Amino acid sequence: MIARASQLFLPTLRDAPADAEAANHKLLVRGGFIRQVTGGVWTFLPLGWRVHRKVEQIIREEMDAIGCQEMLMSVLTPLELWQKTGRDFIQEIFRLKDRKGTDYVLPLTHEETVSFHARELQSYRQLPQMLYHIATKHRDEPRPRAGLIRMREFWMKDAYSFDRDEEGLDKSFELQHGAYERIFERCSLNVFGVQAESGMMGGTESIDFLAPAGAGENTLVTCENGDFAADLEVARTMPRIPVFPETMMAPGEVETPNVKTCEALAEFLAIDVAATSKAMPVTTDDGAVVLALIRGDDHVEPAKLDAALGRPSRPSTDEEIRDAFGASGGSLGPVGFAGEIVADDALRAGQFVAGANRDGWHLRGVEAGRDFQPRFADLRESAPDDTCPHCGGKLRFETAIEVGHIFKLGTRYSEPLGARFLDDDGKEKTLVMGSYGVGLARTMAAVVEQSHDELGIVWPASIAPYDVHIVQLLGAEEVAAQAAEKLSAAGMDVLLDDRDLRPGEKFADADLIGIPIRVTAGKKSLEDGAVDVRARGTGAERRVPLADLVASI
RNA sequence: CGGGGCGUGGCGCAGCCUGGUUAGCGCGCUAGUCUGGGGGACUAGAGGUCCCGAGUUCGAAUCUCGGCGCCCCGACCA
C-alpha cells in the first residue's frame with residue numbers, strides 16, 4: 001500500500017517537549033508516533049499504532065506457533081474475583097463502582113479471570129492448555145515515567161498455562177521461554193533473560209527479560225565474557241578478597257571515639273574497610289529487631305534481605321536500636337546480641353572488626369561461628385568492582401527496561417479460585433499454572449532506546465511503520481509515483497512524502513521517523529532515470545535505475 | 001508519599017523579583033512572491049481562559065493564600 005504524507009496525520013516536531021528526557025520519549029513524540037493525554041496515559045497516533053501493531057503481530061505469531069490460543073478477556077472485572085485471591089488490596093489497582101454500587105477493578109493482569117475460566121477444564125485429558133490475550137492493562141502507578149516505559153494504561157500480551165503437575169509446568173514454561181527469545185530476536189531487541197524476583201505475583205520461579213537501554217528501572221549486571229547476566233536485585237557476584245589483619249584468638253575491645261562509619265573505622269585502625277563489618281538493624285513486620293550483618297564496604301540489597309527474612313522489614317528506629325543493643329548506631333555488632341542475626345555470605349570466613357554494642361568501642365577479630373551464631377544468606381548489593389562468579393571476568397552495570405516477565409505460578413491462583421481437574425488416578429487436583437507477560441509499548445520503547453542516533457529513530461525492518469520512505473522532490477513527482485507503485489505492487493508498505501516542503505525538511509523528517517529504507521526521487525537522479533536508495537542505519541546511498549528498484553531492495 | 005523544578009498561542013522560551021500602554025520573541029501555521037537534494041528569503045496575516053479559584057489593589061501574567069496538573073530524583077513496582 002501507499003500512504004501519502006500530505007494526507008497523513010503525522011505531526012512531527014522540530015523540538016522535543018521540554019519535559020521529555022528519555023530517548024524513546026523525545027523521539028516518539030517528535031516523530032509523531034505518540035502523544036500524552038495525561039500522566040502515564042498515551043495516544044498512539046497512526047504511525048505509532050502501526051509499529052505497535054507490528055510488535056503485536058510478531059508476538060501473536062510466536063504464541064500461535066507454540067500452540068498458545070488467543071482469546072480476549074474483559075477489562076472490567078468484578079472486585080469479587082480479586083478478593084478470592086487476596087490481591088484486592090494491591091495499591092496499584094484502579095477501582096470503580098457501577099450505578100448500583102457494585103465494585104469493579106481494572107486488572108493489572110488477568111490471572112483471576114483466566115483461572116475463573118479454567119474452572120471449565122475438568123479432565124487431565126484436556127491438559128495441557130495455554131491461553132493468551134493481547135489487551136489493555138491498567139495500573140494506578142504512583143509515578144509514571146520515561147515516555148512509554150511506565151504507563152498507567154498499556155497493552156500487554158499475557159499468556160497462561162495450565163498443567164497437571166510441576167513437570168508439565170516446566171515444559172510449558174520452556175515453550176514460552178523459547179517463544180520469548182524469538183519475539184525479541186524478531187524485534188531486533190537485545191535482551192537478557194535473567195532470574196528474577198516474583199514480586200506481587202507469587203510463585204516459585206520467574207525469568208525477567210531485560211533490555212539494556214538509556215532509560216529504565218532495572219539494573220542489569222553482565223560479565224564481559226558473556227557467561228553471566230542478572231538483575232542487580234538478585235545478582236550474586238564475587239566481592240574482592242579483603243586484606244585481613246593478624247588473626248586473633250579471641251575478640252579484643254578497642255576504643256574508637258567518634259567513629260561512626262566503617263570507612264572512618266578502617267582509617268582509624270589503619271586496616272582494609274573490607275575487613276570490617278557493618279550492622280544494619282531492621283524491624284520486621286512482626287515487630288522483631290533482626291541484625292543484618294554485611295561487610296564494611298558493602299551495601300544491603302533490600303530485596304535480598306526481605307527474601308532472606310521471609311518477611312518485609314524496615315530500618316529500626318533509634319529507640320528500637322537502644323532497647324535491643326544497649327548502644328547506638330555506629331557501635332553495633334553481633335557479639336552479645338540476643339536476637340536473630342542474618343550475616344552475608346562474605347562474612348563466612350575471616351575475622352572482622354565489629355561494633356562492641358558499647359558506644360565508642362569496637363571489637364577486633366570477630367569471627368562468625370566462634371563469636372556469634374548467624375544464619376548466612378546473600379544480602380549484599382553487587383558492586384562495580386566485583387567479578388563474575390563464573391569466570392572472574394569484569395562486570396558491566398547498565399540500566400535496562402523490563403520488557404517481559406515469565407512466572408511459574410503453581411497453584412497460587414488456581415487454588416483460591418477453585419480451578420481443579422480430575423487426574424487419571426481418579427483424584428481431584430489443582431491446576432498448576434504459569435503466566436507469561438510482554439509489554440508491547442515497552443518493547444517498542446526499548447527498541448527506540450537501543451536503535452537511534454542524533455537524527456532520530458532507526459527502526460528494524462520487522463517493526464518499522466512502513467517498509468520504504470519515498471522522498472519526492474520538486475520535478476520528480478512522476479518518478480516518485482512510479483517508484484511507489486512498483487514497491488507497493490511488490491508487497492511493500494510505502495510512505496510517499498508528497499508534501500510541498502523544502503528538501504531539507506523532508507530529509508530531516510525521514511531521518512526522524514526512521515523507516516529503514518529511503519528512496520529519493522529528485523532532479524539529480526531524474527537525469528539518470530533513477531532514484532537514490534539510502535539505508536537509514538548506515539547512511540549508505542546508491543543510485544538505482546527505476547527498473548531495478550524492487551530488486552535492489 | 002518525601003525532595004526538587006515547571007505551568008504564558010501548536011512546540012521552545014522571555015516577561016514575574018521591582019504590579020501600570022495593544023503580553024513579547026524564535027519555530028510552526030495561513031496567503032502571496034521568489035526559491036527548490038539537508039529545516040531558505042521577503043511581505044502580509046491568523047492564533048492567548050498568561051493552569052484554576054479566592055484575595056490584596058484604582059489596576060494582577062506579575063503580590064498573597066488555597067487547589068490542580070506535568071517533569072525529574074527517591075520511596076514504590078510483572
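What you are looking at is a predicted structure, and each value in this text was computed from that prediction instead of being measured. These values consider heavy atoms only, across backbone and side chains, with no hydrogens, waters or symmetry-generated copies. Proteins come first, then strands; the chains are lettered A, B, ... in the order of their sequence lines, and each starts at number 1.
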Name the nucleic acid region contacted by [X], choosing base, sugar-phosphate or nothing; use a 4.0 angstrom heavy-atom cut-off, strictly under.
{"X": "E402(A)", "result": "sugar-phosphate"}
{"X": "T38(A)", "result": "sugar-phosphate"}
{"X": "G39(A)", "result": "sugar-phosphate"}
{"X": "D500(A)", "result": "base"}
{"X": "K523(A)", "result": "base"}
{"X": "P17(A)", "result": "sugar-phosphate"}
{"X": "A20(A)", "result": "nothing"}
{"X": "R518(A)", "result": "base"}

Rounded to whole angstrom, note down the [atom1] distance from [N] over to [M].
{"N": "C51(B)", "M": "G69(B)", "atom1": "P", "result": "16 Å"}
{"N": "C27(B)", "M": "C70(B)", "atom1": "C1'", "result": "23 Å"}
{"N": "G39(B)", "M": "C29(B)", "atom1": "P", "result": "15 Å"}
{"N": "C52(B)", "M": "A61(B)", "atom1": "P", "result": "10 Å"}
{"N": "A46(B)", "M": "U62(B)", "atom1": "C1'", "result": "28 Å"}
{"N": "G20(B)", "M": "G4(B)", "atom1": "P", "result": "30 Å"}
{"N": "G24(B)", "M": "U8(B)", "atom1": "C1'", "result": "10 Å"}
{"N": "A44(B)", "M": "G7(B)", "atom1": "P", "result": "32 Å"}

Tell me: [atom1] of [X] to [atom2] of [N], nearest whole Å?
{"X": "I149(A)", "N": "A78(B)", "atom1": "CD1", "atom2": "P", "value": "17 Å"}
{"X": "R87(A)", "N": "C77(B)", "atom1": "CZ", "atom2": "P", "value": "14 Å"}
{"X": "Y436(A)", "N": "A78(B)", "atom1": "OH", "atom2": "P", "value": "18 Å"}
{"X": "L10(A)", "N": "G10(B)", "atom1": "CG", "atom2": "C1'", "value": "15 Å"}
{"X": "F94(A)", "N": "C77(B)", "atom1": "CZ", "atom2": "C1'", "value": "14 Å"}
{"X": "E454(A)", "N": "G38(B)", "atom1": "CD", "atom2": "P", "value": "18 Å"}
{"X": "R143(A)", "N": "C76(B)", "atom1": "CZ", "atom2": "C1'", "value": "10 Å"}
{"X": "R502(A)", "N": "C34(B)", "atom1": "CZ", "atom2": "P", "value": "14 Å"}

What are the two closest heavy atoms between [X] and [Y], and how far apart are they?
{"X": "R442(A)", "Y": "I401(A)", "result": "CD-CG2, 4.0 Å"}
{"X": "R35(A)", "Y": "P11(A)", "result": "NH2-O, 2.7 Å"}
{"X": "P144(A)", "Y": "G40(A)", "result": "CB-CA, 3.5 Å"}

query = With under 30° as parallel and over 60° as perpendicular, where do the rings of F173(A) and Y436(A) fit, or are they tilted in between?
reply =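 Judged by the thresholds at 30° and 60°, the geometry between F173(A) and Y436(A) is tilted.
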request  = Determine the interplanar angle of the F209(A) and F184(A) rings, folded into 0 to 90°, and report it as parallel if under 30°, tilted if 30 to 60°, perpendicular if over 60°.
outcome  =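 Correct class here is tilted.
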request  = Could you pick out which residue, T520(A) or R152(A), lies toward the 5' side of RNA chain B when each is mapped onto its nearest nucleotide?
outcome  =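 Here T520(A) is the residue nearer the 5' end.
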key: D509(A) or P144(A), whichever maps to the more 5' nucleotide of RNA chain B   =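 On the 5' side of the pair lies D509(A).
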Every protein N/O within reach of nucleotides 24-33 of chain B N/O, cut-off under 3.5 Å:
residue : atom : partner : partner atom : Å
C27(B)  : O3'  : R14(A)  : NH1          : 3.3

Out of [options], which has the shortest distance to the side chain of [X]?
{"X": "T109(A)", "options": "C77(B), A78(B), G36(B)", "value": "A78(B)"}
{"X": "P142(A)", "options": "A75(B), G36(B), A78(B)", "value": "A75(B)"}
{"X": "F507(A)", "options": "G37(B), A78(B), G40(B)", "value": "G37(B)"}
{"X": "E92(A)", "options": "G39(B), A78(B), C76(B)", "value": "C76(B)"}
{"X": "R30(A)", "options": "G38(B), G39(B), C76(B)", "value": "G39(B)"}

Can you tell me the pairing partner of [N] across any strand shown, Watson-Crick or G-U wobble, with both distances under 3.5 angstrom?
{"N": "C29(B)", "answer": "G45(B)"}
{"N": "G69(B)", "answer": "C6(B)"}
{"N": "U64(B)", "answer": "A54(B)"}
{"N": "C1(B)", "answer": "G74(B)"}
{"N": "U21(B)", "answer": "none"}

request  = Flag this pair as yes if the NZ/CZ of R50(A) is under 6.0 angstrom from the six-membered ring centre of Y466(A) and inside a 45 degree cone about the axis; otherwise no.
outcome  =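 Cation-pi check for R50(A) and Y466(A): passes.
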request  = Quickly, which of R534(A), R536(A), K524(A) forms a salt bridge (charged side-chain N to carboxylate O under 4.0 Å, His left out) with E541(A)? Name it, please.
outcome  =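 The single option meeting the salt bridge (charged side-chain N to carboxylate O under 4.0 Å, His left out) with E541(A) is R534(A).
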query = Do K137(A) and D158(A) pass the salt bridge (Lys or Arg N to Asp or Glu O under 4.0 Å) test, and can you show the C-alpha distance, the side-chain angles, and the key distance before you say yes or no?
reply = CA-CA 10 Å; K137(A) 294 283 182 283; D158(A) 41 324; 3.0 Å; yes
key: Sidechain-backbone polar pair: T43(A) side chain, L45(A) backbone, donor-acceptor under 3.5 Å   =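 No.
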inquiry  = Checking the side chain of S451(A) only, and the main-chain atoms of V447(A) only, is there a donor and an acceptor separated by less than 3.5 Å?
reply    =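 No.
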Test item: side-chain donor near acceptor, D532(A) and S525(A), under 3.5 Å =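 Result is no, nothing qualifies.
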query = Can you list the steps and then say if E449(A) with H452(A) is a side chain to side chain donor-acceptor pair (under 3.5 Å)?
reply = CA-CA 7 Å; E449(A) 291 286 336; H452(A) 68 271; 5.5 Å; no
task = For RNA chain B, determine which residues of residues 526-547 of chain A have any heavy atom closer than 4.0 angstrom to one of its atoms, and list them numerically.
result =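 Going residue by residue through residues 526-547 of chain A, the ones with a heavy atom under 4.0 Å of RNA chain B turn out to be D532(A), R534(A), E541(A).
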ask   = Does Q36(A) put a side-chain nitrogen or oxygen below 4.0 Å from OP1 or OP2 of C71(B)?
value =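 Answer yes for this pair, as a side-chain N or O of Q36(A) is under 4.0 Å from OP1 or OP2.
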key: Option passing ring pair (Phe, Tyr, Trp, His ring centres under 6.0 Å) with F33(A) (candidates F44(A), W42(A), W459(A))   =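 The passing option is W459(A).
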